[in-house]
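Here, residue 1 is the first one in the sequence, and each next residue gets the next number. As the structure lists them, so they are numbered: ligands from 1, and atoms in each ligand from 1.
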Amino acid sequence: MASLLILLGAPGAGKGTQAVRLSAALGMPHISTGDLFRANLRDATPIGMKAKEYMDAGKLVPDEIVLDMLFERVAAPDCAEGYLLDGFPRTLPQAQALEGRLGPQDKVTVLELRVPDEAIVGRAAGRLVCRKCGATQHREFSPPKTEGVCDACGGELYQRRDDTPEVVRERLRVYHEQTAPLVDFYSAKGLLASVDGSKSPDEVFQELEAALAERG
Ligand code: AMP
């Protein structure tokens, strides 16, 4: 039996930040399809080359590419007991493909981070990501103690290529069109808990832990 945790939310809603914390607290591997694509891009693999134009434009990478990459990753031994998904699924066919792979004993919990659209562009556009540990900071809301250096691990902070205001707006549009329907999909199955993602990272983390404790 495996335990799956899915984080749903718009770009910049705080999925990455909370995924790093939850993964440490629960001892579950953190699987981010965005991180997997960025690693493929950096290593100039065929998957990275295929994904690049979609990522740069703020569009979704086609389902079949995402599914092959994700299912290969979660077949690794470290995912046997469960894993935390950040940025997947993002379309109904992805959610259905994931469901098709699960056994009857597998347990799925979906945590939605709700953040109003007005807050999203500012959040994503100031975001800084650590190349080493993946932690996220923000130029304005949580500036690093030393510029360009991750507070958590000392790694190098960088700005994602798709965190410009124009691309963030397109990612938000795509989120509403293709990913937001998953809220109803999982809610109808009784698997969804939503929390207010506009609070501070500590408060959001506490709410997520409380939602998980409630579900047992
Ligand atoms: P993220 O880091 O989750 O914001 O993902 C960055 C980009 O990678 C997205 O804007 C998409 O282009 C691509 N991507 C990541 N996950 C998925 C997914 N599940 N389906 C399609 N495209 C994805």
Side-chain angles (χ1 to χ4, degrees), residues 4-20 22-23 29-74 83-101 108 110-113 115 117 119-131 133-138 157-183 185-186 197:
L4 266 73
L5 215 55
I6 296 174
L7 280 179
L8 262 187
K15 297 188 299 296
T17 301
Q18 298 300 334
V20 169
L22 285 170
S23 147
H30 167 197
I31 315 290
S32 152
T33 40
D35 285 350
L36 292 175
F37 280 128
R38 282 182 287 278
N40 274 284
L41 247 180
R42 197 175 51 232
D43 298 343
T45 68
I47 288 182
M49 296 298 99
K50 280 187 213 153
K52 184 175 186 306
E53 60 173 303
Y54 298 99
M55 294 173 77
D56 284 350
K59 310 271 188 218
L60 294 185
V61 178
D63 287 339
E64 59 278 13
I65 301 176
V66 185
L67 291 170
D68 284 351
M69 178 183 75
L70 192 261
F71 291 151
E72 192 189 324
R73 172 64 187 89
V74 300
Y83 46 91
L84 192 167
L85 288 170
D86 159 13
F88 181 95
R90 260 180 158 101
T91 64
L92 213 45
Q94 289 180 16
Q96 286 158 342
L98 177 66
E99 203 171 48
R101 275 183 55 105
V108 176
V110 184
L111 299 168
E112 185 205 5
L113 296 174
V115 177
D117 282 4
I120 290 288
V121 177
R123 274 193 180 206
R127 175 156 72 174
L128 299 165
V129 187
C130 175
R131 279 194 204 283
C133 73
T136 312
Q137 295 191 235
H138 194 279
L157 293 173
Y158 76 106
Q159 170 150 42
R160 279 172 44 173
R161 296 162 57 93
D162 57 351
D163 274 347
T164 60
E166 310 78 69
V167 180
V168 171
R169 273 189 211 100
E170 175 60 11
R171 287 162 63 206
L172 196 51
R173 189 191 66 73
V174 169
Y175 175 77
H176 285 297
E177 186 183 274
Q178 301 195 56
T179 309
L182 297 182
V183 170
F185 175 81
Y186 286 119

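On a distance-only criterion, D35 and ligand 1 share no N/O pair closer than 3.5 Å. Any N or O atom pair closer than 3.5 Å counts here, and D86 shares no such pair with ligand 1. For ligand 1, the polar-atom distance check against F88 finds no nitrogen or oxygen pair separated by under 3.5 Å.
Contact annotation: for V66 versus ligand 1, heavy atoms closer than 4.0 Å belong to the side chain alone. By the criterion of a heavy-atom distance under 4.0 Å, neither the backbone nor the side chain of K15 is placed next to ligand 1. Contacts between D162 and ligand 1 below 4.0 angstrom, taking non-hydrogen atoms only, involve the side chain exclusively.
The atoms of ligand 1 that sit less than 4.0 Å from any heavy atom of V61 are 12 (O), 13 (C), 21 (C), 22 (N). The ligand atoms of ligand 1 that sit less than 4.0 angstrom from a heavy atom of Q94 are 18 (C), 19 (N), 20 (N), 21 (C). For ligand 1, the atoms lying closer than 4.0 Å to a non-hydrogen atom of K59 are 11 (C), 12 (O).
In terms of protein heavy atoms, atom 4 (O) of ligand 1 is closest to R160 NH2, 3.0 Å. Protein heavy atom closest to atom 23 (C) of ligand 1, with residue, atom name and distance, is F37 CE1, 3.9 Å. The protein heavy-atom contact nearest to atom 9 (C) of ligand 1 is R90 NH2, 3.9 Å. When only non-hydrogen protein atoms are considered, atom 16 (N) of ligand 1 lies nearest to T33 OG1, 2.8 Å.
Q94 contributes a side-chain N or O that, together with a main-chain N or O of R90, makes up a donor-acceptor pair within less than 3.5 Å. In this structure a side-chain-to-backbone donor-acceptor pair under 3.5 Å is missing from K15 to L113. Under a 3.5 Å cut-off, the side chain of R123 and the backbone N or O of A13 do form a donor-acceptor pair. Of the possible polar contacts, one joining the Q159 side chain to the A125 backbone as a donor-acceptor pair under 3.5 Å is found.
The CG atom of L60 sits 9.5 Å away from atom OG1 of T33, with the distance rounded to the nearest 0.5 Å.
Proximity of R127 to Q137: side-chain heavy atoms (C-beta onward) are nowhere separated by under 4.5 Å. Contact annotation: the side chain of R171 approaches that of D163 to within less than 4.5 Å [non-hydrogen atoms, C-beta and beyond]. With contacts defined as side-chain heavy-atom distances shorter than 4.5 Å, the pair L182/L92 qualifies. Two residues are said to be in side-chain contact when any heavy atoms from C-beta on lie closer than 4.5 Å; L84 and I31 fail this criterion.
Considering only non-hydrogen atoms, atom 2 (O) of ligand 1 lies nearest to R38 out of E53, E170, R38, R171.
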